[in-house]
Amino acid sequence: MRLISRIGKWFDQRLQLAAPIKEAVEHPVPRSTASWWYIFGSAALTVFVLQLVTGVLLALTYVPSAAEAWNSLQSLNHEVTLGWFIRALHGWGSNFMVAIVLIHMVQVFIFGAYKYPRELTWVVGVFLLIMTLAMAFTGQVLRFDQDAYWGLGIGASIASRTPVFGLAMVRLMLGGPIIGGPTLSRFFAVHVFVVPGALIALVGLHLLMVLKLGINEWPMPGRIVRKATYESEYHELTRKDGVPFFPYAVWKDLFFSAVILAAVAVCAAYFGPFGPTGQPDPTIIQTVPKPDFFFLWLYALLALLPPSMETPALLIGPVIVIAFLIALPFLFGEGEKSWRRRPIAVLSILLIAVALRTFTSLAGFSPWSPVMNAWSGEPIPAKILLGRTALERQGAVVFQAKQCHNCHALESEGGQRGPALDTVAARLTKDQLIRQVLQGRGNMPAYGNSLNPAETTALIAFLQTLHKPGQAPALDASRVGESSQ
Amino acid sequence: MTGDQLSRRGVLTRLGILFNGLMAVVLAIPFVGFILSAVTRGRGSGYRSWITLGSASQFPEGETRLATFRNPYVSPSDGKTADTACWVRHVEGDRFQVFAVNCAHLGCPVRWFPQSGLFLCPCHGGAYYRDGSRAAGPPERGMFEYSYKLENGLVLIQAGELPTPGMASARVGCGPCGGKSPCA
């Protein structure tokens, strides 16, 4: 023991670090902050370190070349010992990191911790969030498969909508005229050097400010933040009711970090690595590209926005969101911290959470996309065809052959791009059906050019059988008299 | 106050800062030039050139078929990503239409369904008619069309750059223009 102590002293005489470290870890924090609610920041840091370690390990094998990347991922998955596990840890670590950073941000917002004097800590945190998302997106690109390739195409299409500089933005993003070698190289540089470097620097700054300004006290209704008095009140609080961060609060952080690491490891071991999906070969067009989990809401939003609003929403939306997040502590830097007195703050979080959850789950089954193989893979349920005439059955054949089923469901089978047609005969008259099929309307293409009169007659005859048993078919009011005579 | 010392060292310090600033600017010029090279290299029609899709006879009249070509502008590490697909519609006689597979909405690969005469996009449900015009869904325009020409029985298209909605030249649909170079 004496030897260890002597070696320690030898080093500290030269490093001079023991005193400042002791001071930092033992700084007094309000007793109320030694809480399970204050553990997300340290957990985010822990996962970040995991990402750094696993990232370096992956870089030992990964080849950042459009020609080789996919093969090197296969090699990691199947050849290199435990390569699959390191990939899985990095992939699941990424998901956990985005989730924890978001939870940390919500907690900080709900607890009013962004208010004076911690405005800059919040602003740096906003940039840390942006960089975390940037890491998630660029990481998805490095998993250079079909999803990555077409995801880049979507990114390029969005970039190209920039007024005036659209084409320049695309070339800058792709590193050339097409998605290719230079594209992957530059995403590799951004994912491995640029953003992690900035992340390390900003995480350091973020932590320094947390240490210097003190951890946000537990918000109490009626304890108002005022610039003139806050600092003296906070110091009074830590003096009267403060505890040293180490060991009073830190043990909860340590436990939670370990739990998170265990959770990442269990997910990685059980579910394995993400992809890669098919080869990034643009001549394989039988693919349905989808983004990773944390960008699914955006995928849904892009399908559901009215076309005219898309470009403004894509280009201006992020600017407004980021500007608002940065402005938040300056707009609401004083006042109540407690969520009990900030109903709008709480409702905003709930609204955003519900919206993101809804969009994400919608993206899971993407009702706006045609089911590309419904016409050949999902037959019309037999009971619909029972007792039909030859003409009506011929119409059912037309229904399948002309890919109507790709967009229209029957008995919940088929696409949901257009309305389900189970009871269409009760909604539309014969004339309306003909008009809708031949001329199209709204989101329905016109089929006038791809149906001959015989096919049209048969199809309409089939569509007219689609109603519930005993349900009256739609009637043309102007012809009601004729049909009853 | 040691005024002389301050001014002498102050001047030297300022000169030192100035020199470093100057060097930073001088070096920044090639740095920025390097970063922007992907943009500037393709000025004019730098990235685009005529490339063959093969014999016109392999595209039967009245049909639309998938063709592939190697992008004329490649870099050594492109691998398969420089292989590109396009839809070739042989309208009749010398009239063709060559469409990019990339949806005009956000670039996903559209598929041709000859039975219903529609191109359908798997991502957000864009649909186009056989002539590439918009039928339904989020795209605000028709499909991207390559300029084409026929030479010695070969179909040539002018390609080289990923078609995106912001590309002014991709907006030009050539329409019926015979066997001659339509958009030259």
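In what follows, chains carry the letters A, B, and so on, assigned in the order in which the sequence lines appear, proteins first and then strands, with residues in each chain numbered from 1.
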**Request:** Report the C-alpha separation of A:Leu167 and B:Val39 in whole Å, then their side-chain angles, then the decisive distance to 0.1 Å, and conclude whether the side-chain contact (heavy atoms from CB on, under 4.5 Å) test is met.
**Result:** CA-CA 8 Å; A:Leu167 184 59; B:Val39 177; over 6 Å; no

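- Side-chain atoms of B:Tyr129 come within 3.5 Å of backbone atoms of A:Ala446 as a donor-acceptor pair (strictly under, hydrogens ignored).
- Residue A:Leu305: no heavy atom, backbone or side chain, is found under 4.5 Å from chain B.
- Atom CG of A:Asn452 has more than 12 neighbouring heavy atoms from other residues, nucleotides or ligands inside a 6.0 Å radius.
- For the atom pair CD1 of A:Ile178 and CG of B:Asp78, the computed distance is 4.5 Å after rounding to the nearest 0.5 Å.
- Considering CH2 of A:Trp368 and SG of B:Cys121, their distance stands at 12.5 Å, rounded to 0.5 Å.
- Taking 4.5 Å as the limit, every side-chain heavy atom of A:Val288 sits out of range of all side-chain heavy atoms of B:Cys123.
- Of the atoms belonging to A:Ala401, it is backbone heavy atoms, and not side-chain ones, that fall under 4.5 Å from chain B.
- Distance check: B:Gln115 CD to A:Cys404 SG gives 11.5 Å after rounding to the nearest 0.5 Å.
- Contact count against chain B (heavy-atom pairs under 4.5 Å) is highest for A:Gln286 among A:Lys290, A:Met444, A:Gln286.
- In this structure, B:Leu162 CG and A:Ser160 OG are separated by 9.0 Å, a value rounded to the nearest 0.5 Å.
- Within a 6.0 Å sphere centred on CE of A:Met169, other residues, nucleotides and ligands contribute 12 heavy atoms or fewer.
- Contact annotation: the side chain of A:Thr283 never approaches that of B:Lys80 to less than 4.5 Å [non-hydrogen atoms, C-beta and beyond].
- The minimum heavy-atom distance linking A:Ala67 with B:Gly79 is given by the pair CB-CA, 3.5 Å.
- Here the shortest heavy-atom pairing between A:Pro370 and B:Gly125 reads CD-CA, 3.6 Å.
- A donor-acceptor pair is defined here as one N or O able to donate and one able to accept, closer than 3.5 Å; such a pair exists between the side chain of B:His124 and the backbone of A:Tyr299.
- Interface summary for chain B: among A:Ala69, A:Pro64, A:Ala66, the most heavy-atom pairs under 4.5 angstrom belong to A:Ala66.
- Contact annotation for A:Met372: both backbone and side-chain heavy atoms come within less than 4.5 Å of a heavy atom of chain B.
- At a threshold of 4.5 Å between non-hydrogen side-chain atoms, the residues A:Arg171 and B:Glu161 count as touching.
- Note on ring orientation: taking the six-membered ring where Trp is involved, the planes of B:Phe113 and A:Trp375 are perpendicular (angle over 60°, cut-offs 30° and 60°).
- Residues B:Pro138 and A:Pro307 share a closest heavy-atom pair of O-CB, 3.6 Å.
- Taking the side chain as every heavy atom from C-beta outward, A:Pro282 and B:Thr84 never approach each other to under 4.5 Å.
- In terms of non-hydrogen atom pairs under 4.5 Å with chain B, the most contact-rich of A:Thr311, A:Ile179, A:Leu174 is A:Ile179.
- Within the 4.5 Å cutoff, side-chain heavy atoms of B:Leu106 are placed close to those of A:Arg161.
- Both the backbone and the side chain of A:Thr287 come within contact range of chain B, each with at least one heavy atom under 4.5 Å from a heavy atom of that chain.
- When heavy atoms are compared at a cutoff of 4.5 Å, B:Ala82 approaches chain A by way of both its backbone and its side chain.
- Of the listed residues (B:Ala85, B:Pro109, B:Cys86), the greatest number of heavy-atom pairs within a distance under 4.5 Å of chain A belongs to B:Pro109.
- For B:Phe34, the CZ atom sits in a loose shell: 12 or fewer heavy atoms of surrounding residues, nucleotides or ligands are nearer than 6.0 Å.
- Looking only at heavy-atom pairs under 4.5 Å with chain B, the residue among A:Gly176, A:Gly166, A:Pro163, A:Ser185 that has the most is A:Gly176.
- Around CG of A:Asn373, the count of heavy atoms belonging to other residues, nucleotides or ligands within 6.0 Å exceeds 12.
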**Request:** Output, in order, the C-alpha distance, side-chain angles, deciding distance and verdict of side-chain contact (heavy atoms from CB on, under 4.5 Å) for A:Ser450 and B:Arg130.
**Result:** CA-CA 10 Å; A:Ser450 38; B:Arg130 64 180 78 237; 3.8 Å; yes

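- For the atom pair CZ (A:Arg417) and CG (B:Leu120), the distance works out to 10.0 Å, reported to the nearest 0.5 Å.
- Atom CG of residue A:Leu184 and atom OG1 of residue B:Thr81 lie 9.0 Å apart, to the nearest 0.5 angstrom.
- Residues A:Pro182 and B:Ser77 approach most closely at N-OG, 4.4 Å, considering heavy atoms.
- The local environment of CH2 in B:Trp112 is crowded, with over 12 non-hydrogen atoms from other residues, nucleotides or ligands closer than 6.0 Å.
- Side chain of A:Gln403 to main chain of B:Ser116: a donor-acceptor pair is present (N/O by atom type, distance under 3.5 Å, no hydrogens or angles).
- Contact of B:Asp83 with chain A is made through backbone and side chain together, with heavy-atom distances under 4.5 Å.
- Only the side chain of B:Leu66 comes within contact range of chain A, judged by heavy atoms closer than 4.5 Å.
- For A:Ser369 (side chain) and B:Pro122 (main-chain N/O), a donor-acceptor pair under 3.5 Å exists by modelled atom type.
- Looking at A:Glu310, the atoms closer than 4.5 Å to chain B (heavy atoms on both sides) all sit in the side chain, from C-beta outward.
- Taking A:Val170, A:Leu302, A:Thr183 one by one and counting their heavy-atom pairs under 4.5 Å with chain B, the maximum is reached by A:Leu302.
- A:Gly175 approaches B:Ala38 most closely through the heavy-atom pair C-CB, 3.5 Å.
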